[in-house]
Structures are given as structure tokens and as C-alpha cells.
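Here the structure is laid out as C-alpha cells; the discussion comes afterwards.
All heavy atoms count here, side chains included; hydrogens, waters and symmetry mates do not. Note that this is a predicted model, so its numbers are computed, not measured.
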Amino acid sequence: MTYELNRPRRFQWIKIRKLYKEAFPRYERKPFSIIRNMYRKGKTDVWYCTKNGAFAGFAATINSDAVVMLDYFAVPSKLRKQGAGTAILKALLELYGDKGFFVEIESMFEPADNIPERKARRNFYIRNGLLPLGVMANVFGVKMELLGARCHMDFAAYHAFYHDNYNPWAASHIFEAEHPEVMKREK
């Protein structure tokens with residue numbers, strides 16, 4: 001059972017967009033046209049993931065010379081809890097093996113209706129080698145925690161990554177937030 005990462009072909013964008021809308025709440029989704037435009041400009045990699053030729057998910061990254069941010073990553077609900085996410089994430093980590101790799105996840109330290117889902121997502125990334133970077137940010141009003149592999153990042157580096165590799169306007173909507181685990185250690 002082999003998982004592969006491929007650049008999407010024209011008809012495959014339809015499956016990616018459908019899964020994108022199903023997997024991410026509206027407040028977390030940027031207009032899909034932005035992802036397509038960034039892909040065309042070479043700022044974003046989009047991967048159409050398959051298992052034995054069948055659609056198994058997608059990943060979108062924002063890239064710099066030294067660091068990659070996993071911007072969106074999803075597998076169809078029928079493949080969840082069957083190892084698809086782990087296999088695809090490992091393939092991504094191997095693909096970008098010479099670069100730092102990080103992801104933003106919704107903070108599980110904030111009150112929310114989906115805390116079990118947030119904890120499961122955080123545990124998934126930690127099980128697969130991404131560790132807390134000690135950075136908490138308010139990203140367009142959503143408190144996010146950074147997890148990463150092969151990189152050390154503080155808020156200034158994170159903000160600069162957005163400014164330089166996404167766009168200055170987006171960076172202007174990202175603010176540093178206190179991290180509850182850091183606050184505990186300081187007391």
C-alpha cells in the first residue's frame with residue numbers, strides 16, 4: 001500500500017477543492033483561488049496524494065529557502081484513523097528533508113466547542129515528530145500554536161516567514177499571543 005505525492009493535474013483540483021471545503025471550517029479557509037494563484041507563482045506546493053492510484057488527500061505548503069509551513073492538510077473522512085495521514089505526513093517530511101517544517105494548529109488551550117478534535121490533531125502531529133515550538137499566535141483572530149520539526153522558531157521569525165513568503169498584508173493580521181505552557185513555567 002503505497003502513498004504518493006503528485007502535483008495535481010487539471011481534473012484533480014476539483015477533488016482537492018471539495019475536500020478542502022469539507023475538512024476546514026469556513027473561518028479557517030482562505031479563498032481557494034489564492035492557493036491556486038500562489039501555486040502558479042511557485043510560492044505554494046500543492047500535493048495530490050494517492051494510495052494505489054486512488055485519491056487519499058491533499059497537502060498545501062508555503063515555502064521559503066530554509067523552512068516549509070504545512071498550510072493545509074486533509075485526508076477524506078473514510079481514510080481517517082487508518083494510517084493515511086501518518087503516511088502522507090511522513091512522505092512530506094521526507095520530501096522536505098533538508099528544510100525546517102512547521103504547522104499552525106488551533107490552540108487547545110482556548111475554550112472551544114471542538115477541544116477533543118484539537119487535542120487529537122495536536123497529538124497526531126506530536127506522534128509524528130512535530131514538537132511544540134513555544135510560539136502562540138493570533139492569526140486573523142484565531143489563536144494558533146506552532147509545532148515543528150527540524151526548526152527553531154520564535155514569533156519574530158514566524159511573522160517574518162509570513163511577511164516574506166505569503167504577503168505583508170497577511171502578516172499584518174498576525175499577533176503574538178501568550179502561550180499557556182510558557183506562562184505556567186514563569187509562575
In chain order, what residues pass the side-chain contact (heavy atoms from CB on, under 4.5 Å) check against S107, with sequence neighbours excluded?
-> F109, E110, M136, K143
Residues in side-chain hydrogen bond (donor to acceptor under 3.5 Å, both in side chains) with R7, at least two apart?
-> D45
Where at least one partner belongs to residues 159-171, residue pairs that pass salt bridge (charged side-chain N to carboxylate O under 4.0 Å, His left out), sequence neighbours excluded = none
Could you tell me which residues satisfy side-chain contact (heavy atoms from CB on, under 4.5 Å) with P111, sequence neighbours excluded, listed by chain and number?
-> none
Give every residue pair that meets the salt bridge (charged side-chain N to carboxylate O under 4.0 Å, His left out) criterion with at least one member in residues 74-102, sequence neighbours excluded.
-> none
Would you list the pairs meeting salt bridge (charged side-chain N to carboxylate O under 4.0 Å, His left out) in which at least one residue belongs to residues 9-24, sequence neighbours left out?
-> K18-E22
For F102, what are the other residues in its hydrophobic cluster, where any two members join if their side-chain heavy atoms are less than 4.5 angstrom apart?
-> Y27, I34, M38, I62, V67, M69, L133, V135, V139, F140, V142, M144, L146, M153, F155, Y158, F161, Y162, Y166, W169, I174
Members sharing F175's hydrophobic cluster, built from side-chain contacts under 4.5 Å between Ile, Leu, Val, Met, Phe, Trp and Tyr, are none
Mind checking side-chain hydrogen bond (donor to acceptor under 3.5 Å, both in side chains) for N37 and listing every partner two or more places apart, or none if nothing turns up?
-> R40
Hits for ring-ring contact (aromatic ring centres under 6.0 Å, His included) against Y72, two or more places apart or cross-chain, chain-then-number order -> Y20, F24
Apply side-chain hydrogen bond (donor to acceptor under 3.5 Å, both in side chains) to K43 and list each qualifying residue two or more places apart in sequence or on a separate chain.
-> none
Indicate the atoms forming the closest heavy-atom contact of Y3 with G83, along with that distance.
-> OH-C, 4.3 Å
Who passes side-chain hydrogen bond (donor to acceptor under 3.5 Å, both in side chains) against E117, sequence neighbours left out?
-> R121
